[in-house]
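Everything numeric here is computed off the predicted structure, so don't read it as measured data. As a basis for the values below, the full set of heavy atoms in this structure was taken, side chains included, without hydrogen atoms, waters or symmetry mates.
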Amino acid sequence: MCGIFGAVYGRDPRITPDFITAVSDSLFRLSAARGREAAGLAVHDGYSIGVLKQAGSAASFLGSPRYRRLLDGAIATYAEHRENGQSPALAVTGHTRLVTNGAQSEDDNNQPVIAGGAVGIHNGIVVNHAQLWKKHPHLERSGEVDTEVLLALLRQSLDATNDVARATRETFAQIEGSASVAVFADNLQSLLLATNTGSLFYVANEPTTFFAFASERYILTRLLHARRADALIAGCSVRQLRAGDGLLISLKDLAHHEFTAVGAGRDVHATNGFVPGTTRVQIVDHTPRAKDMRRCTRCILPHTYPLIRFDEQGVCNYCRSHKKITVRGREALERAVAPYRRSDGSPDCIVAFSGGRDSSYGLHYIKTELGMNPVAFTYDWGMVTDLARRNQARVCGKLGVEHIVRSADITTKRRYIRKNIEAWLKRPELGMVTLFTAGDKEFYRHARQLREETGIKLVIFCAGNMIEDTPFKTGLCGIREDDHQMTLTGLSLRNKAAIVRYFLKHYLLNPAYFNESIWDTLYAYWCTFVVKDDFLYLYHYIPWEEETVVSTIRQQYDWEIATDTSTTWRIGDGSAAFYNYIYGTIAGWCEDEVLLSNQIREGQHTRTEALRLAAEFSKPRYPSIREYAQLAGFNCEEALSVINAAPKLF
C-alpha cells in the first residue's frame, strides 16, 4: 500500500533548516518502496497549508524545483515565526502512492487530497467509495481517488459536530476497507492521525519539540538511526498507533493525545485546546494543472504550445496570422477528375482509405456525389485498429467498392515502434514523438506502386483539410512551418533541412535511436519529403464541415465510434491515444485542441464550446493506450511512469 509520513517541528533552536530538509527527504526516500507511482507534500506553517503533488517516483519529486520552493518557503516562515516568539509549529506530511483508485496522470487523484477545507493523505482502500458518493450526492467531487470521499465525510462531520473524535468515529463508521490517515483542516490547528489497521507509527521527543510518523516501524527506526547524533531526538522510541485509535498533535505546543477513532471510547477534551477553531487558514495548491494555463483569448491554445506568442490583448500569433480557408470548389474538382473518368463502369481512381472519418466521407463523396468508380486502398502498417477495419468494411460493403489492402511486415514494424519508444523513454523529447509513426509513411510508395499495377492513374487522398493542420509537430522541433497546404511533400526545402538537423541532433544526444528501425525511418523521410507528389487532395476542393462529415457516415454507414473517447478524430489510428497522452501530460494540450482552435477561427465553434469539448477530448484513453502497448510490445506501466514523471512545460 501507499506510504504516508510526516513530521511536526516546535520552537526549538536545535531545529535547523538543514535538519527539517534532511528529515523530509529521508522520509520520502524510506517510504518510496511503498509506492512509486506518485508523490506529494502538504506543509502547514500555522497560517497556510501548501500542497504539491506529481506523478512519478519520490526521487523525481525530490528533484523538482517546486518541491524545494515549497519546503524552503515554509521553513523560512517557520524560522521567522520562531525568532519573533510566535507559537505555530511547522508540520510537513508526505505521500508515496501505489495506485489503486484513479489514474496517477490526473493530479486530482494523487495525494495529498484537498476536500472541503481538509487536506489529507491516506494509506489503504475505501472499498465502498462509489456507494458513499451516491449516498451523499451533495458532497463535491473532483477526482476518482477513494480518499476524497473519506475526507469529504470527515469534514462534513467536523463542521456538524465541532468535535474531532466524534467526527473521526462517524467517518470510520461509514467506510468499508482499510484506512490510515493524516489530516489537516483549515480551521484546526492540529494534525489528525487515525487508523483502523494499526499501520501508523510515531516518535516524539521528551521536550515535545519534534514529532514524526510513518506507515512502518522500520521507516522511523531507520530515520532515528540515521539521525542518532542529533541531541534533538536522543532517547526517542517508536510507538504504534493501535488499530481503531486516533491521535491529535497540536501545532501550538506539539502536545499529543490519543482518542478512540473506531467505536465508542476515549475522547479529546475541549480543555486540551483541540477543538476546531473559527479562524481558517488558506489552503494553497501549488500543483500545476493544464486547466490553469494561460490561453489565447480568441482560440484555446495555451502558452505551452510551440512557438506561440500573445499580444497585449492576449491573442496568439496563430489567430493573428490566420487566413480564412478557401477551397477550389466543385467545378474545379470536376475539371480535375474529368480526364480520368471512365464511362464503362471500370475503376477510374484509387482512393487512400484509412477508415477514419475523413476518408470514409471522402470515399462516399467520390462514389455518390462525383459519380466515379473508386478502388479503396489501405496500407496496414501494424497500427490500423480493428475499429478502423470494421468501418472500412461497412463503407466499402455498402458502396460496393473494391478494397485493396497492402500489409507491411507487421511484426517487424511493431518491433521498430517498440525500439523507438524505448529509446524515447530514456530521454523524453516532445519533437521526437513523431518518430513513433514514421512506419506509416510508406503508404505513399504503395499508392504509387498500386497506380502502376492497376493502370489507374488518378490517386485521391481524402486529406488537405486545413482545419486539421497540425503545425505543432514541426513546431516542437523549433521549426515554424512554411505554407504547405496540408501536404507533407509541400514543405519547403528550408523546413525539410531543419527537420533533418533536428533529428540528427537528437539521435546524437540519444544513441538508443540508432537501432534497426533507422533504415525504415530514413525511407519514410524519402517517401514523404523527397519523391514528387502528384496526388489529388480532395479537401483542397470541397469544404470540410465536421457536422456534415460525421453525421453522413454515422447515419448512412453506421460508422462506429470509439468507446473510450467522444472525439471522432484519429480513432482508427492505434498510436493517437499514446502520443496525445504524451502531449497532454507534458505540455498540457492534445491534438484535438489544435483542431478546435482552427474551428474557432473558422466560426465553427465558440470559444466556450471549444473549451468544453477540449476538456472532454483530452481525457486519457487508457484502454487504447494499453492496447497500443500490447501490440507494440513495450511495458505500458513503465512507459506511463516515465511520461508522468517527465518535466512539465506548465
Any side-chain to backbone donor/acceptor pair from Trp559 onto Gly355? Under 3.5 Å, distance only.
yes

Just by distance, with hydrogens left out, do Asp592 and Trp569 show a side-chain donor and acceptor under 3.5 Å apart?
no

For the residue pair Glu148 and Ser142, confirm or rule out a side-chain donor-acceptor distance under 3.5 Å.
yes

Can a side-chain donor-acceptor contact be found between Arg155 and Asn187 if the only test is distance below 3.5 angstrom?
yes

Parallel, tilted or perpendicular, as decided by the 30° and 60° cut-offs, for the rings of Tyr539 and Tyr361
parallel

Could you grab the distance from atom CD of Glu37 to atom CG of Asn644, nearest 0.5 Å is fine?
9.0 Å

So, Lys648 side chain and Ile586 main chain: donor-acceptor pair closer than 3.5 Å or not?
no

Member of Thr304, Leu476, Leu649 meeting the side-chain contact (heavy atoms from CB on, under 4.5 Å) criterion with Tyr583
Leu476

So does Gly431 get a backbone contact from the side chain of Lys473, meaning a donor-acceptor N/O pair under 3.5 Å?
no

For residues Arg34 and Asn123, determine if any side-chain heavy atom of one lies less than 4.5 Å from a side-chain heavy atom of the other.
yes

Does Trp424 form a side-chain contact (heavy atoms from CB on, under 4.5 Å) with Ile643? I'd like the steps, not just the answer.
CA-CA 10 Å; Trp424 185 89; Ile643 296 165; 4.0 Å; yes

Interatomic distance, Cys2 atom SG to Asn110 atom CG [nearest 0.5 angstrom]:
9.5 Å

Can you list the steps and then say if Arg320 with Arg298 is a side-chain contact (heavy atoms from CB on, under 4.5 Å)?
CA-CA 10 Å; Arg320 290 294 186 192; Arg298 186 173 295 174; 3.5 Å; yes

Taking atom types as modelled, is there a side-chain donor on Glu546 or Gln599 under 3.5 Å from an acceptor on the other?
yes

Would Arg570 and Glu468 pass as an ion pair if we require N to O under 4.0 Å?
no

Working for side-chain contact (heavy atoms from CB on, under 4.5 Å), residues Cys316 and Arg309:
CA-CA 5 Å; Cys316 74; Arg309 301 186 310 275; over 6 Å; no

Any chance the side chains of Tyr579 and Glu591 put a donor and an acceptor closer than 3.5 Å?
yes

Spatial distance of atom OG (Ser360) from atom CZ (Arg554) [nearest 0.5 Å]:
12.0 Å

Do Leu611 and Leu613 have side chains that get closer than 4.5 Å, going by heavy atoms?
no

When you compare the side chain of Val181 with that of Ile121, does any pair of heavy atoms fall below 4.5 Å?
no

Are any of the side-chain heavy atoms of Ile417 and Tyr628 separated by less than 4.5 Å?
yes

Is there a side-chain contact between His44 and Leu251, using heavy atoms and a 4.5 Å cut-off?
yes

Answer yes or no: is there a donor N or O on one side and an acceptor on the other, between the side chain of Arg280 and the main chain of Asp186, under 3.5 Å?
no

Can you check side-chain contact (heavy atoms from CB on, under 4.5 Å) on Phe436 and Ile582, steps first, answer last?
CA-CA 12 Å; Phe436 306 163; Ile582 293 174; 3.8 Å; yes

Intermediate values then yes/no, side-chain hydrogen bond (donor to acceptor under 3.5 Å, both in side chains), Ser31 and Thr96:
CA-CA 7 Å; Ser31 300; Thr96 56; 5.1 Å; no

Donor-acceptor pair, side chain of Arg294 and main chain of Cys296, under 3.5 angstrom
no

Verdict with supporting geometry, Glu637 and Arg626, salt bridge (Lys or Arg N to Asp or Glu O under 4.0 Å):
CA-CA 9 Å; Glu637 300 309 319; Arg626 289 189 168 87; 3.2 Å; yes

In this structure, which one of Leu491, Leu307, Thr474 forms a side-chain contact (heavy atoms from CB on, under 4.5 Å) with Ile479?
Thr474

In terms of relative ring orientation, are Phe634 and Phe578 parallel, tilted or perpendicular, with 30° and 60° separating the classes?
tilted

Do you see a donor-acceptor pair shorter than 3.5 Å between the side chains of His129 and Glu144?
no

Val119 vs Val113 side-chain heavy atoms within contact, under 4.5 Å
no

Does a donor on one side chain sit under 3.5 Å from an acceptor on the other, for Gln111 and Thr147?
yes

Indicate yes or no for a side-chain donor-acceptor contact from Glu627 to the backbone of Gly574 under 3.5 Å, with no hydrogens or angles considered.
no

side-chain hydrogen bond (donor to acceptor under 3.5 Å, both in side chains) between Asp469 and Tyr318, intermediate numbers included:
CA-CA 12 Å; Asp469 190 20; Tyr318 293 96; over 6 Å; no

When you compare the side chains of Asn598 and Arg601, does any donor N or O come within less than 3.5 Å of an acceptor on the partner?
yes

Are more than 12 heavy atoms, taken from residues, nucleotides or ligands other than Glu140, located less than 6.0 Å from that residue's CD atom?
no

Using a 3.5 Å distance criterion without hydrogens, assess whether the side chain of Lys419 forms a donor-acceptor pair with backbone atoms of Ser517.
no

Given Thr568, Asn391, Thr567, the one that forms side chain to side chain donor-acceptor pair (under 3.5 Å) with Arg357:
Thr568

Hey, what's the ring geometry for Tyr502 with His506, parallel, tilted or perpendicular (30° and 60° as the breaks)?
tilted

Using 0.5 Å steps for rounding, measure from the OG atom of Ser566 to the CD atom of Glu616.
4.0 Å

Non-hydrogen side-chain atoms of Leu71 and Ser24 separated by less than 4.5 Å:
yes

Should the pair Phe5 and Phe28 be assigned to parallel (<30°), tilted (30 to 60°) or perpendicular (>60°) ring geometry?
perpendicular

Look at the side chain of Lys53 and the backbone N and O of Pro112, then say whether any donor-acceptor pair between them is shorter than 3.5 Å.
yes

Identify whether the distance between the nearest side-chain nitrogen and carboxylate oxygen of Arg68 and Asp25 falls below 4.0 Å.
yes

Working to the nearest 0.5 Å, report the span between CG of Leu132 and CG of Leu150.
9.0 Å

Check whether any side-chain heavy atom of Glu422 sits under 4.5 Å from a side-chain heavy atom of Glu638, and report yes or no.
no

Is the side chain of Thr385 donor-acceptor paired with the backbone N or O of Asp573 at a distance under 3.5 Å, no angle test?
no

CZ on Arg97 to CD1 on Ile4, rounded to 0.5 Å
14.0 Å

Please assess Tyr47 against His81 for the test ring-ring contact (aromatic ring centres under 6.0 Å, His included), listing each intermediate value before the final yes or no.
CA-CA 10 Å; Tyr47 296 90; His81 291 163; 4.5 Å; yes

Verify the distance criterion only: is there a donor paired with an acceptor across the side chains of Asp72 and Tyr67 at less than 3.5 Å?
no

